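To start, the structure itself, in structure tokens.
Please read these numbers as outputs of a predicted model, since none were measured by experiment.
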Amino acid sequence: MENEEEVLATSNEPLDPNLHKKHISMIERLSNRHQTRLDNSLARQSESDSSSSSTATATTTASFLSRFTDSKRSIDSQLAQSRLTDPAQLRSHLDGISASISDLEKLVAESSYFLPSYEVRSSLKTISDLKQTLENLNSELIPKKKFSFKNKASKQDRDRSASDEKQTAPENADSFSVSLEKLSFQVRDSPGLRNKNGETLVKNFKGSEVGEFTVSDLDSCEVRLIGSVRALFVHRLKNCRVYAGPVTGSILIEGAEDCVFVMASHQIRIHNAKGTDFYLRVRSRPIIEDSTGVRFAPYCLSYEGIEEDLRDASLDEETGNWGNVDDFKWLRAVQSPNWSVLPENERVGMVQISNSGDGIEGN
């Protein structure tokens with residue numbers, strides 16, 4: 001090796017063809033050795049980086065599984081205690097279990113960005129089993145009231161009863177095709193927009209410290225959410241239009257019919273949606289479950305300052321995941337019939353929203 005390099009460095013006299021050919025061969029050998037050393041070095045670096053990345057992912061997954069297992073063990077214990085609970089406290093006990101299951105489902109949604117697909121599916125199957133167990137306990141321990149004849153109520157009693165029903169039930173609840181008894185998400189006691197019909201609802205989060213926000217029990221409403229929040233929960237919407245700025249965490253939708261959603265988020269899960277269009281920008285693959293006739297297209301919202309909001313939420317770049325939908329109730333290799341890409345000639349244009357115009361602030 002050293003002799004070859006010396007010959008190359010000191011030979012300045014004219015070479016005959018044979019010697020020239022020898023020099024060319026030496027150059028090729030030296031070049032190949034150098035490239036081999038370089039390739040080996042890059043390969044070792046790549047293996048090191050890959051090992052570090054795999055270790056980080058494994059550590060994060062292990063942390064999730066630990067939290068998930070602890071939460072499931074606690075829920076199982078609460079379920080087992082249900083038959084021993086004082087009947088006067090049973091309803092609040094079961095409501096607490098429902099809230100714990102919702103929190104566990106939120107943990108899975110927020111972690112789906114880094115979890116292996118198998119772990120996501122396995123975790124959601126576990127949650128589905130917990131929901132079914134809770135539903136069975138509800139039916140067994142709190143049966144529906146049996147029909148019985150009663151004395152005719154006075155007009156004052158009837159008026160009071162009608163008033164109570166109006167306050168507790170959403171308008172047009174009977175016409176909503178998604179059975180409310182089947183909905184498992186507990187509507188959270190967080191700031192939100194609730195129980196409205198035929199209104200334009202505006203909420204500006206800029207300058208506020210709202211973490212979670214809830215939109216529930218709306219019919220024929222337009223919702224404008226300007227700015228960003230950490231998590232957004234949507235429950236029981238019919239014939240609504242929802243335009244939302246970036247969500248830095250996850251969006252959970254439970255029950256939507258004939259709606260349009262324009263949303264940006266790191267994770268989104270959709271349950272019990274029917275005949276609804278979604279215009280999304282999302283970091284991970286959207287998840288649908290028990291949904292039919294849902295269509296997807298890219299995010300198309302604009303308002304003053306949205307570029308900065310998207311950048312702060314790490315959602316300023318289009319990932320294309322709006323069209324990579326996972327249907328967790330469709331396990332076949334062929335395309336799920338429950339969702340499709342919205343044809344370009346049927347998509348809305350860029351939607352511009354603002355605080356101006358008719359609208360009310362959410363509480």
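- For the 3.5 Å distance criterion, the side chains of Q352 and S302 qualify, holding a donor opposite an acceptor.
- Between the OG atom of S220 and the CZ atom of R241 there is a distance of 9.0 Å, given to the nearest 0.5 Å.
- Remark: side-chain polar atoms of S265 are paired, donor with acceptor, to backbone N or O of G249 under 3.5 angstrom.
- At a threshold of 4.5 Å between side-chain heavy atoms, the hydrophobic network of Ile, Leu, Val, Met, Phe, Trp and Tyr places F68 and F328 in one connected group.
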- Report the C-alpha separation of I268 and I287 in whole Å, then their side-chain angles, then the decisive distance to 0.1 Å, and conclude whether the side-chain contact (heavy atoms from CB on, under 4.5 Å) test is met. CA-CA 6 Å; I268 181 167; I287 297 171; over 6 Å; no
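- Under the 3.5 Å distance criterion, the side-chain polar atoms of N321 are matched with a main-chain donor or acceptor of R283.
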- Query: Hey, mind stepping through F261 and L237 against side-chain contact (heavy atoms from CB on, under 4.5 Å) and telling me if it holds?
  - Reply: CA-CA 11 Å; F261 292 93; L237 268 59; 4.1 Å; yes
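- More than 12 heavy atoms of other residues, nucleotides or ligands lie within 6.0 Å of CZ in R347, so this atom counts as buried by the packing criterion.
- L137 has its side chain within reach of L79: a pair of non-hydrogen atoms, C-beta onward, lies under 4.5 Å apart.
- Of the candidates V242, V247, L225, V242 is the only one forming a side chain to side chain contact (heavy atoms under 4.5 Å, CB included) with M263.
- D95 places none of its side-chain heavy atoms less than 4.5 Å from the side chain of I97.
- A side-chain donor-acceptor contact under 3.5 Å links S71 to the backbone of R67.
- In this structure the side chain of E212 reaches within 4.5 angstrom of the side chain of R230, judged on heavy atoms.
- Linking ILVMFWY side-chain heavy atoms closer than 4.5 Å, directly or via other members, places V348 and Y243 in a single hydrophobic cluster.
- Within the 4.5 Å cutoff, no side-chain heavy atoms of L134 are placed close to those of N136.
- Here the CD-CZ distance, from E140 to R83, works out to 4.0 Å after rounding to the nearest 0.5 Å.
- In this structure, CZ in R194 is found 12.5 Å from CG in L201, a value given to the nearest 0.5 Å.
- Side-chain N or O atoms of R281 include none that pairs as donor or acceptor with a backbone N or O of P298 at under 3.5 Å.
- Of all the heavy atoms in G349 and C300, the pair that sits closest is O-SG, 3.8 Å.
- Side chain of D86 to main chain of A88: a donor-acceptor pair is present (N/O by atom type, distance under 3.5 Å, no hydrogens or angles).
- Within 6.0 Å of atom CD in E346, more than 12 heavy atoms from other residues, nucleotides or ligands are found, so the atom counts as buried in its surroundings.
- Around atom NZ of K125, no more than 12 heavy atoms belonging to other residues, nucleotides or ligands sit under 6.0 Å away.
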- Apply the test side-chain contact (heavy atoms from CB on, under 4.5 Å) to residues I226 and K203: give CA-CA distance (whole Å), side-chain angles for both, the deciding distance (0.1 Å), then the verdict. CA-CA 6 Å; I226 299 173; K203 181 65 178 178; over 6 Å; no
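- No more than 12 heavy-atom neighbours from other residues, nucleotides or ligands sit within 6.0 angstrom of CD on E304.
- Hydrophobic cluster membership differs between I353 and V202, with clusters built from Ile, Leu, Val, Met, Phe, Trp and Tyr side chains linked at under 4.5 angstrom.
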- Tell me, with the steps shown, if R236 and D217 meet salt bridge (Lys or Arg N to Asp or Glu O under 4.0 Å). CA-CA 5 Å; R236 299 184 293 271; D217 301 293; 2.6 Å; yes
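- In this pair, F296 and F278 present their aromatic rings parallel. The plane angle is below 30°, not in the 30 to 60° band.
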- Query: Can D70 and R73 be said to form a salt bridge (Lys or Arg N to Asp or Glu O under 4.0 Å), step by step?
  - Reply: CA-CA 5 Å; D70 290 344; R73 187 180 297 114; 3.1 Å; yes
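- The closest donor-acceptor contact from the side chain of S102 to the backbone of S98 lies under 3.5 Å.
- With hydrogens and angles ignored, the 3.5 Å screen pairs no side-chain donor or acceptor of Y303 with any backbone N or O of G245.
- A distance of 10.0 Å separates CD1 in I253 from NE2 in H235, rounded to the nearest 0.5 Å.
- Side-chain contact between L193 and V223 is present, with at least one heavy-atom pair separated by less than 4.5 Å.
- For W322 against V282, the heavy-atom pair with the smallest separation is N-CG1, 4.1 Å.
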- Task: Output, in order, the C-alpha distance, side-chain angles, deciding distance and verdict of side-chain contact (heavy atoms from CB on, under 4.5 Å) for Q335 and V325.
- Result: CA-CA 10 Å; Q335 164 73 34; V325 180; over 6 Å; no
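- Taking the side chain as every heavy atom from C-beta outward, L315 and Y299 never approach each other to under 4.5 Å.
- Around the CD atom of E318, the shell of radius 6.0 Å holds more than 12 heavy atoms that belong to other residues, nucleotides or ligands.
- When only modelled atom types and interatomic distance are considered, H266 and S284 share no side-chain donor-acceptor pair under 3.5 Å.
- Between the CG atom in D316 and the CG atom in L310 there is a gap of 7.0 Å [rounded to 0.5 Å].
- If you chain together hydrophobic residues whose side chains sit under 4.5 Å apart, V229 and I306 never meet in one group.
- At a threshold of 4.5 Å between non-hydrogen side-chain atoms, the residues L130 and D76 count as touching.
- No side-chain donor from either of N338 and S291 sits under 3.5 Å from a side-chain acceptor of the other.
- Using a 4.5 Å heavy-atom cutoff, the side chains of K206 and D309 are in contact.
- Of the possible donor and acceptor atoms, one in the side chain of T276 sits under 3.5 Å from a partner among the backbone N and O of K274.
- Criterion: ILVMFWY side-chain heavy atoms under 4.5 Å apart, direct or through other members. Under it, F64 and I127 are part of a common hydrophobic cluster.
- Heavy-atom minimum distance, C259 versus N239: SG-N, 3.6 Å.
- Atoms CG and NE2, from L141 and H93 in turn, are 9.0 Å apart once rounded to the nearest 0.5 Å.
- Checked against S100 for a side chain to side chain contact (heavy atoms under 4.5 Å, CB included), the options Q78, K72, E105 give a single hit: Q78.
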- Message: Checking F205 against F213 for the ring pair (Phe, Tyr, Trp, His ring centres under 6.0 Å) test, could you report, in this order, the C-alpha distance in whole Å, the side-chain angles of both residues, the deciding distance, and whether it holds?
- Response: CA-CA 10 Å; F205 300 111; F213 196 77; 5.0 Å; yes
